[in-house]
Protein chains: 2
Amino acid sequence: MVRIFIADDHVMFAEGLESMLAGEPDFEICGWARNAADTLEQVPKILPDVLLLDINLPDQSGLDVCKELRKTCPGVKILALSMHNDESYISAMLSLGAQGYVLKNTGKEELCTAIRALADGKTYFTQEVTDTMMQSLMRERKAGVAKEPPKISRREKEVLKLIMDERTTQEIAAQLFLSEKTVESHRAALLAKLGARNTAGLVKAALHWKIIND
Amino acid sequence: MVRIFIADDHVMFAEGLESMLAGEPDFEICGWARNAADTLEQVPKILPDVLLLDINLPDQSGLDVCKELRKTCPGVKILALSMHNDESYISAMLSLGAQGYVLKNTGKEELCTAIRALADGKTYFTQEVTDTMMQSLMRERKAGVAKEPPKISRREKEVLKLIMDERTTQEIAAQLFLSEKTVESHRAALLAKLGARNTAGLVKAALHWKIIND
DNA sequence: ACACTATTTGGAATAATTTCAAACCAACGC
DNA sequence: GCGTTGGTTTGAAATTATTCCAAATAGTGT
């Protein structure tokens, strides 16, 4: 028996969910809330197997609720419900520890599948959601790498690697058997090529262009 | 009519593919190759609509082929075929511009669906593949944030933000109406708290703990 | 050979960073 | 109220890092 808690402020939607899920013999609605405060209050007491959590609650964001519940009752599986197929929301929910994410226009069959997956310790994401994430992944990798990675010579790359490794100019010079002046010169070239003002910019650029993997 | 080129060194597999796809009225096999060199030679001449590209070619990696073809003939859609449901391969193919990725144990129906999706300008990824990527996303985000984010005071965070923004000590002091000494002091505290030796470490730590979003 | 880039190094001046100390303020508990 | 704690603030002196200006050497490709 899967015990389910519903957190959604749209009463009609929540009741629809309830009657829909009541039809499944292995599901049991063990509670509901229409705002974040109520959810945070009740869920730790009731400890449902699965929490259906609307992202858009009136008082706080579902994101905050998710974050909080991760700490207070990590055993409760969280299935995020949202109208939005928005990369930032999805990404945020993933990072905050939701085990699933389905859109509100999802049908009954799929919702049941998702709930059973979560109750079973697995994860579930609607096809649209995974598509969005893959698209976003492709975009970000393309945007980051493909453009015009400045041409860094191998010597410069060695220096950059050591700078990224938090070495001092002295250490770098010693390591590469160079004068400190030479290291400084390479550093200057790197600043120019990567369009950075200082070490901070150098590190950010190196990571951005994936010149150094760290 | 979708014109398809097959690049795979397993002749038996390739022929199986060919006869399988020949049954589809809207597909046409317009060529094939059993190694990377051949593929790079022929594809730019034949310009198929879709290239079925095995990741594991004998001479070069399919990854290199993909990268090369992105430049020489970007119009050709690339559907990566692989035995491995391996995050690093998938991620690499995505970044190199493949429009699809299916495992070799995929059935005929799904393969056809994938080919038609690509020919139609869309992308296609097998469910297993998207699962793997989502899992990996969750892991990396959790690993990055969850552990023990050092407690940074708000003033320190302000300074850190400006350091990340490539500002000089002078500029930071001016911006925050502080003495340079104070800024240096906050910087020292940040170095200690984040376990860094210098600015490079500071930037890496800040990004790692997601204290600053950049 | 000539053009070009990469690699290498100096001198002088400026900015950043470290090291060692300390005062001020606000919050918290007793 | 008083002391402790942590955050914020600042200073002097010494050490490094970095910038700005130049230039010699080596290797590559035309």
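All values below come from the heavy atoms of this structure, side chains included, with hydrogens, waters and symmetry mates left out. All chains are named by letter (A, B, ...) in the order of the sequence lines, taking the proteins before the strands, and each is independently numbered beginning at 1. In this text the structure is predicted, and so the values were computed from the model without any measurement.
Between the side chain of T39(A) and the backbone N or O of N35(A) there is at least one donor-acceptor pair closer than 3.5 Å. E166(B) places a side-chain N or O within donor-acceptor distance of the main-chain N or O of R197(A), the cut-off being under 3.5 Å. Remark: side-chain polar atoms of T126(A) are not paired, donor with acceptor, to backbone N or O of E128(A) under 3.5 angstrom. In this structure, N198(B) contributes its side chain and G201(B) its backbone to a donor-acceptor pair below 3.5 Å. At least one donor-acceptor pair under 3.5 Å links the side chain of R3(B) to the backbone N or O of I46(B).
Note that the two end axes of the helix from dA1(C)-dT30(D) to dC30(C)-dG1(D) enclose an angle of 50°, each drawn from 5 base pairs, rounded to 10 degrees.
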Subject >> Heavy-atom protein contacts under 4.0 Å, nucleotides 11-18 of chain C, coded B base, S sugar-phosphate only, - none >> reply: BB---SBB
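Across all strands shown, K157(B) has no heavy atoms under 4.0 Å from either base or sugar-phosphate atoms.
In this model, the phosphate group of dT9(C) is approached by a side-chain N or O of T182(A) to a distance below 4.0 Å at OP1 or OP2.
Salt bridge absent: D120(A) and K77(A) never bring a charged side-chain N and a carboxylate O closer than 4.0 Å. One finds a salt bridge joining R155(A) and E158(A) here, because a Lys/Arg side-chain nitrogen approaches an Asp/Glu carboxylate oxygen to under 4.0 Å.
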Subject >> Residue pair L160(B), H186(B): steps toward the side chain to side chain contact (heavy atoms under 4.5 Å, CB included) verdict >> reply: CA-CA 9 Å; L160(B) 179 54; H186(B) 288 313; over 6 Å; no
N/O contacts under 3.5 Å, protein versus nucleotides 20-26 of chain C?
none

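Chain A approaches DNA chain D over the interval dA17(D) to dT19(D), counting the first and last nucleotide 5' to 3' with an atom under 4.0 Å from its heavy atoms.
Annotation: side chain to side chain donor-acceptor pair (under 3.5 Å) contacts of K193(A) (sequence neighbours excluded): E156(A). With sequence neighbours left out, T199(A) forms a side chain to side chain donor-acceptor pair (under 3.5 Å) with R187(A).
For the atom pair CG (L17(B)) and CD1 (I4(B)), the distance works out to 9.0 Å, reported to the nearest 0.5 Å. Rounding to the nearest 0.5 Å gives a distance of 4.5 Å between CG of D165(A) and CZ of R167(A).
Annotation: K157(B), atom NZ; neighbour count of heavy atoms from other residues, nucleotides and ligands within 6.0 Å does not exceed 12.
In this structure, CD of E156(A) is placed 9 Å from C1' of dT7(C), rounded to the nearest angstrom.
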